[in-house]
Protein chains: 2
Amino acid sequence: MNNPKLPAFPPALRPHASRLTYSAGKMIFRAGSATRWVYYLVSGCVRLIRRGRAGEEIVLHQARAGDFFAEASIDSARYHCDALAMEAATVLRVSALDLTNLIEADPEFARQWISLLGQQLRAVRTRVERLSLKSASERIRHFLLSGAPGAAGYVKVNGTLKDLARDLGITHETLYRTLAGMERSGQIERQGDGFRLL
Amino acid sequence: MNNPKLPAFPPALRPHASRLTYSAGKMIFRAGSATRWVYYLVSGCVRLIRRGRAGEEIVLHQARAGDFFAEASIDSARYHCDALAMEAATVLRVSALDLTNLIEADPEFARQWISLLGQQLRAVRTRVERLSLKSASERIRHFLLSGAPGAAGYVKVNGTLKDLARDLGITHETLYRTLAGMERSGQIERQGDGFRLL
DNA sequence: CGTCGCATTGATATCGCTCAAATCCGGTGG
DNA sequence: CCACCGGATTTGAGCGATATCAATGCGACG
């Protein structure tokens, strides 16, 4: 049922957290509003979104069960993007004040929190690396390599291929075409809702 | 709150830091080697680089005077990229162990360090947002908007335009052409080694 | 069933990449 | 002081990969 690797909600934060639910399509916070809360996603899917000049969505981050989000905002006065529940979502919400207090009061928690931010930073840098690749097939290959937990080379795709296309910074048509081509030429293999790099 | 515009080396770290210099072209650390140190760049320019399959450089991060680098690596066993001094560079080097000890011993420093990581995270997310834009002119506009300190709309370009092109994820030829076109159509204005968005 | 969104494939246009060449500019050595 | 050199800058021509527009099938869900 739950991912065994699901990162736990830090016990030290539990007394300060309140549980909330949002139905699909609900806005959790908006860009420009004051950063009063940090969130942990218990279940569902939340996207952090900015809008381009033409109104198109830019997905800065997609949080899934076990992820914190808005965690980098605590020392910024205002949120810099919208948070939108894609599916019905359950979150644990902690006030930024409680969090900073806990950081100063509990050195072990501070260390954990720094570790968490470091992981996020490395993950986003990996995405920068991916978006720096020019061809669609290279981005797909990079996604399969960096998403693969070591050995097998099998990567399960969460959500739709359309979402994956957006994450890779290409259109869904190009993703379909390139995947089909890579499969034809024997570079990858489809398996259920995932892929294997050969 | 404590968001100093001028990045300073935290006084609490000074007793643990050693000063080193690297000449242009020198490798400071390599991907895969153990993460023993965290660096602060006093002067010069350092790039964090990974290499694509064709051997092309992917610049994950470009550190300038006042930036920390490898700061996200302290809870990872190995560096995940190369660090290369582009110009002669002077750094302050702190061992990962001293840093974690200080984090646990000094709550005020822990808070500052978390603030620093948050800034880095927001900066990298901004770069992701930029790389998600499809057209060169949109990326340039985004760069000028997000790089501009508030009011004036004037952004000074550090380094060469070639470097900027790499940062924007386009070739330098395209950058030159697009800049010229945007200037012709009155969208931007060149001023010395910078640009103004109109 | 009808509808809606994802998946897939086709046709075409376009933007940016590649290769190429000319100029500029700062530094270096004679 | 000047000739030279390397790298940045700039512009040109052509091509190819990807975006865009379009149409169809398919499965889920009410």
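Quick note on labels: first sequence line is chain A, next is B, and so on, each numbered from 1.
Between dC17(C) and Thr174(B), a contact under 4.0 Å exists linking OP1 or OP2 to a side-chain N or O. Checking the phosphate oxygens (OP1, OP2) of dC6(C), no side-chain nitrogen or oxygen of Thr160(A) falls inside 4.0 Å.
Atom CD1 of Ile170(A) is separated from atom P of dC15(C) by 20 Å (rounded to the nearest Å). Following rounding to the nearest Å, Leu175(A) (CG) and dC6(C) (C1') show an atom-to-atom distance of 12 Å. Here the C1' atom of nucleotide dC15(C) and the NZ atom of Lys134(A) are 13 Å apart, to the nearest Å. When the C1' atom of dG16(C) is taken as reference, atom CG of Leu179(B) falls 14 Å away, rounded to whole Å. Rounded to whole Å, the distance from CG on Leu168(B) to C1' on dC17(C) is 16 Å. The distance between atom NE2 of His172(B) and atom P of dG16(C), rounded to the nearest whole Å, is 15 Å. One interatomic measurement links the two molecules: OH of Tyr176(B) to C1' of dT23(C), which rounds to 12 Å at whole-angstrom precision.
Proximity of a side-chain donor or acceptor of Thr178(B) to a complementary backbone N or O of Ala136(B) within less than 3.5 Å is not detected.
Checked options Phe69(B), Phe29(B), Trp37(B), Tyr39(B); the residue passing with Tyr79(B) is Phe29(B) (criterion: ring pair (Phe, Tyr, Trp, His ring centres under 6.0 Å)).
Taking every nucleotide of DNA chain D with any atom under 4.0 Å from a non-hydrogen atom of chain B, the first and last of them, 5' to 3', are dA8(D) to dA13(D).
Between Arg127(B) and Asp167(B) there is a salt bridge, with a side-chain nitrogen of the basic residue lying less than 4.0 Å from a carboxylate oxygen of the acidic one.
Position along DNA chain D of the nearest nucleotide to Gly159(B) versus Arg177(B) favours Gly159(B) as the more 5'-ward residue.
Under a cut-off of 6.0 angstrom, the local environment of CZ in Arg19(A) is sparse, with at most 12 non-hydrogen atoms contributed by other residues, nucleotides or ligands.
Contacts of Gly169(B) with the nucleic acid, taken as non-hydrogen atoms under 4.0 Å apart, involve only primed sugar atoms and P, OP1 or OP2. Residue contacts for Ser135(A): at a heavy-atom cut-off of 4.0 Å it reaches the sugar-phosphate backbone alone, with no base atom in range.
Between the two ends of the helix from dC1(C)-dG30(D) to dG30(C)-dC1(D), each summarised by a five-pair axis, the helix axis turns through 40° (rounded to 10 degrees).
Ring pair Phe68(A)/Trp113(A): centre-to-centre distance below 6.0 Å.
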